[in-house]
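This report concerns only the one structure given below.
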Amino acid sequence: MTREEFEKRFIAARRSSIARDFEKLNDMQLQAVLTTEGPLLLLAGAGSGKTTVLINRIANLLRYGRGSDTDLVPEQATEEDLAYLEKYAAGGEADRERVGRLCAVDPVEPWRLIAITFTNKAADEMKSRLERMLGEEAYDIWAMTFHSACVRILRRDIDRLGFDPSFTIYDTSDSQSLMKRIIRELDLDDKTYNYKSVLTVISKAKDEMMSAEAYAAAADRTTDIRKRNIGRAYMEYSRRMRDANALDFDDLILFTVRLLLDHPEVRDYYQRRFRYVLIDEYQDTNNLQYMFASLLAGGHKNICVVGDDDQSIYKFRGATIENILSFESNYKGARTIRLEQNYRSTGHILAAANSVIRNNTGRKGKELWTESGLGEKPVLYIAPDERDEAQYVAGKILAEAACGGRWSDNAVLYRMNAQSNAMEFAFKRNGIPYKIIGGTRFFERAEIKDMLSYMCTVQNPSDDLRLLRIINQPPRGIGETTVENLRQIAVTRGVPIFEVLQDAGRIDVLSRSAAKLGKFAELIGDMRAAAENIPLDEFYDMLLEKTGYEAMLRERMTDENVTRLENVQELKSNITAYMKENGDDATLAGFLDEIALYTDIDQYDRNSDSVVMMTMHSAKGLEFKSVFIVGAEEGIFPGTRSIGEPDEMEEERRLCYVAMTRAKERLFLVCARHRMLFGRTTAGKVSRFVDEIDREHINRPPESGNTFAFGGESDAWDTGYGGYSGDRYGGYGRGRGFEDAVSDGYGYGRRPAAPRKKTISRPAAAPAKYVPLFAAGDRVEHSAFGKGVVTKVQPTGNDALLEVEFDAVGKKRLMMKSAAKYMTKL
DNA sequence: ATCATAACGCTTTTT
DNA sequence: GCGTTATGAT
């Protein structure tokens with residue numbers, strides 16, 4: 001055997017031997033795991049087992065280093081070794097230790113790996129799966145979000161950029177209130193200079209790595225007044241951020257990139273350190289994140305990015321799909337692997353999703369497929385209005401629950417949070433437990449922001465923004481004029497407000513309130529001392545007490561204040577959780593870091609069994625047995641803003657693709673002909689995305705043309721067709737809408753006859769009078785909740801609120817008319 | 001300082 | 001249509 005032939009066979013046998021560790025993967029997944037060296041683009045379709053691949057890839061790197069992907073053959077390898085490997089590779093038994101020794105080439109130390117994700121949730125999942133697979137070794141792997149990785153890097157070296165390592169992080173609303181203030185102070189018209197749009201411009205500039213100085217200078221070279229004024233606002237914003245020793249979310253990444261670009265010794269350290277860089281959700285990266293990733297990977301050039309161009313839905317936040325589309329040209333010698341086998345959805349659903357996304361141009365081109373059979377076709381239901389739409393969804397869910405399904409198998413996805421209202425009502429009417437994800441978030445609540453502001457002020461004395469928030473909260477008689485004086489003096493002296501506070505006694509204009517100011521300064525000072533000496537949870541209790549915040553809430557126990565108190569306590573449980581996780585390392589600064597980067601406490605716990613409602617955006621990365629996409633109408637989804645804008649329309653279509661591919665077994669597309677939104681009723685028509693679905697993969701109601709239309713108008717919506725809504729309780733069993741006519745196999749109870757041809761009167765025109773269908777003491781059976789007894793009937797206009805004590809699920813409150821459809825007297 | 005009323009907006013939003 | 005927010009009056 002020549003050396004050449006020996007090496008060839010050795011390399012092949014080594015790769016096959018390593019592959020035996022990953023037998024559960026499909027071929028493409030395996031390739032992705034074994035391809036360790038150089039730039040790699042992993043196009044991972046929805047549900048293709050992406051995280052599994054990432055975890056196994058890391059396991060491979062730790063165990064075998066580049067063994068599966070190198071031409072290097074150890075000098076000392078013998079023909080006997082080769083024979084041994086070949087036998088093992090062919091399926092034989094072998095000593096694992098010896099195989100490991102023969103296959104490994106530079107196994108990598110865990111701390112040389114960095115895996116970056118976008119969300120804390122993804123990072124946490126990655127971490128826990130790594131721990132499960134690798135045990136303690138996993139602790140040293142940097143598995144975290146872009147932002148937390150940057151914080152970690154900055155805490156070490158930000159002093160090189162003239163910031164103090166104890167910097168605080170401003171979240172979006174902090175930035176917003178700062179910008180509001182700046183616009184007011186610069187005397188700019190808040191219509192033309194809307195704080196949000198100004199911040200968007202700044203964020204874009206930061207993404208292009210344009211400093212305030214550079215931006216303002218460039219703006220001044222133009223005649224564009226607006227641009228020049230935004231330049232001024234940007235300058236002021238940067239100056240204040242610097243003075244407050246604060247960084248916003250963009251800054252975290254921008255400054256890290258700056259640090260790596262301008263400071264070779266820092267760059268070298270990280271480039272040498274990280275032998276392998278992994279980036280998840282690459283289609284969502286913006287320019288800065290691209291820079292950051294490529295800087296990190298600049299040393300060893302082993303960068304693996306995972307993403308799906310078809311799932312890029314955050315362009316409006318600066319994500320650029322270009323990063324993934326041009327990965328191959330950005331990285332010389334890049335390899336691409338496509339994961340197209342889907343393990344989540346059944347055939348029809350996948351085919352429907354494929355047929356929608358096919359209408360986009362500029363794709364990498366991918367077609368998902370599955371081995372799991374055709375399953376059920378997605379169903380289109382057209383409701384008369386949003387009430388009926390919601391009632392339809394509730395009905396489907398109840399029917400499924402009646403067959404033993406779990407509530408949490410169902411998700412309702414909508415385009416915007418405002419749509420959740422109608423759904424909420426329907427769920428309440430029917431006693432369906434639900435949970436809304438998103439909307440007003442925990443950390444956005446005033447009382448939480450207040451408590452966090454106290455902590456920030458204690459932690460960072462120069463954080464004026466936070467200090468101003470709480471200086472008179474609860475009221476301590478420090479009024480607006482005093483605050484204004486304070487600020488003036490701070491600006492002229494060029495020092496943080498807190499310093500002026502301590503000096504108040506010696507300043508004339510402040511003399512009248514000096515005592516109050518001094519007391520406040522003392523309070524913060526005391527708390528600062530306490531933070532260093534007592535455990536964090538005790539510190540927090542002390543804060544609640546000494547600041548008088550708790551007392552303020554307790555003073556008047558309104559419903560609102562009760563919730564606030566609960567929230568404030570909830571924050572404490574965050575602290576306790578943080579302490580548990582970090583043990584002796586738990587510090588105030590550490591906690592604040594974590595909180596600043598944690599928008600939502602993991603409010604989505606899968607333990608509680610309830611239907612989840614959320615926007616399609618938030619649904620990314622999740623999966624459900626049944627998915628309801630509501631509001632599938634032109635003008636809602638796609639939204640008015642994207643109609644006529646080809647790029648936005650494509651993004652909208654990708655969003656549709658994301659939403660559809662969340663469904664494992666059942667997918668419902670629901671729309672309403674008339675919808676009341678923002679106080680106006682508008683007529684809509686079925687979303688173009690629905691029309692794009694191949695007819696053989698969807699159950700549609702018969703063409704609404706002449707058959708159902710009014711007076712022969714072919715696309716008229718106002719057909720007065722009987723709907724789902726509970727308004728005509730006497731008529732249940734009929735008028736369920738189109739969809740059952742095509743039989744999706746999921747109607748419940750009595751099957752309706754063919755749809756009525758047409759109805760002249762508008763639905764719900766004359767509200768029916770209250771007719772009691774149940775009385776207290778009735779023994780009843782509900783299709784989803786089982787048997788029970790009616791304990792209370794409370795008439796409400798033309799309906800009634802029932803209280804039913806169910807044998808299995810306990811007390812439920814139901815609206816009579818809705819309940820009548822699913823519940824019968826025994 | 002606190003309450004009331006008027007005015008305003010209003011996609012989506014991993015950090 | 002509703003919930004937040006800015007402003008003005010007491």
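Hydrogens, waters and symmetry mates are skipped; everything else that's a heavy atom, side chains included, is used. Below, chains carry the letters A, B, ... as their sequence lines are ordered, and counting in each starts from 1.
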**Request:** Give every residue pair that meets the side chain to side chain donor-acceptor pair (under 3.5 Å) criterion with at least one member in residues 465-476 of chain A, sequence neighbours excluded.
**Result:** A/Asp174-A/Arg466, A/Asp450-A/Arg469, A/Tyr454-A/Arg476, A/Asp463-A/Arg466
So what does [X] hit on the nucleic acid, given a heavy-atom distance under 4.0 Å: a base, only sugar-phosphate, or nothing?
X	value
A/Glu652	base
A/Asp250	nothing
A/Glu648	base
A/Asn417	sugar-phosphate
A/Met676	sugar-phosphate
A/Ser618	sugar-phosphate

**Request:** Using the P atom as the reference point in each nucleotide, state the distance between B/dT12 and C/dT5 in Å, no decimals.
**Result:** 15 Å
Starting at [atom1] of [X] and ending at [atom2] of [N], how long is that distance when rounded to a whole Å?
X	N	atom1	atom2	value
A/Tyr282	B/dT14	OH	C1'	17 Å
A/Lys315	B/dT11	NZ	P	17 Å
A/Phe118	B/dT13	CZ	P	16 Å
A/Phe292	B/dT15	CZ	C1'	13 Å
A/Gln311	B/dT14	CD	C1'	13 Å
A/Glu386	C/dG1	CD	P	11 Å
A/Gln176	B/dG9	CD	P	14 Å
A/Phe316	B/dT15	CZ	P	13 Å

Do the side-chain N or O atoms of [X] get closer than 4.0 angstrom to the phosphate oxygens (OP1, OP2) of [N]?
X	N	value
A/Asn120	B/dT15	yes
A/Thr615	B/dT13	yes
A/Arg641	B/dT11	yes

**Message:** Let's test your reading of the model: under 3.5 Å, does the base of B/dT12 pair with the side chain of A/Arg317 as donor and acceptor?
**Reply:** no
Charged N-O contact under 4.0 Å between [X] and [Y]:
X	Y	value
A/Glu424	A/Arg429	no
A/Glu645	A/Arg641	no
A/Glu386	A/Arg675	no

**Message:** If I take atom CG from residue A/Asn567 and atom CD1 from residue A/Ile448, how far apart are they, to the nearest 0.5 angstrom?
**Reply:** 5.0 Å
**Request:** Mind checking the OG1-CG spacing from A/Thr200 to A/Asp207? Nearest 0.5 Å is all I need.
**Result:** 12.5 Å
**Message:** The side chain of A/His147 is closest to which nucleotide in this list: B/dT12, B/dT15, B/dT14?
**Reply:** B/dT15
**Message:** From the set B/dT14, B/dT15, B/dT13, return the single nucleotide nearest to any side-chain atom of A/Thr172.
**Reply:** B/dT15
**Request:** Between A/Asn472 and A/Lys620, name the one whose nearest nucleotide on DNA chain B is closer to the 5' end.
**Result:** A/Asn472
**Message:** Pick the closest DNA chain B nucleotide for A/Asn194 and for A/Tyr314 by heavy atoms, then say which residue is nearer the 5' end.
**Reply:** A/Asn194
**Message:** I'd like to compare against my own output: the B/S/- annotation of nucleotides 5-10 of chain C with a strict under-4.0 Å heavy-atom distance to protein.
**Reply:** -S----
**Message:** With the six-membered base ring of B/dT15 as reference, does the ring of A/Phe146 sit under 5.5 Å away with planes under 30° apart?
**Reply:** no
**Prompt:** B/dT11: syn or anti, with syn meaning chi within 90° of zero?
**Reply:** syn
**A/Leu452 side chain near A/Met455 side chain, heavy-atom distance below 4.5 Å** = yes
**Asked** Within a reach of under 6.0 Å around CZ of A/Phe425, are more than 12 heavy atoms found that belong to other residues, nucleotides or ligands?
**Response** no
**Fill in**
Residue set satisfying ring pair (Phe, Tyr, Trp, His ring centres under 6.0 Å) with A/Phe520, at least two apart, ordered chain then number -> none
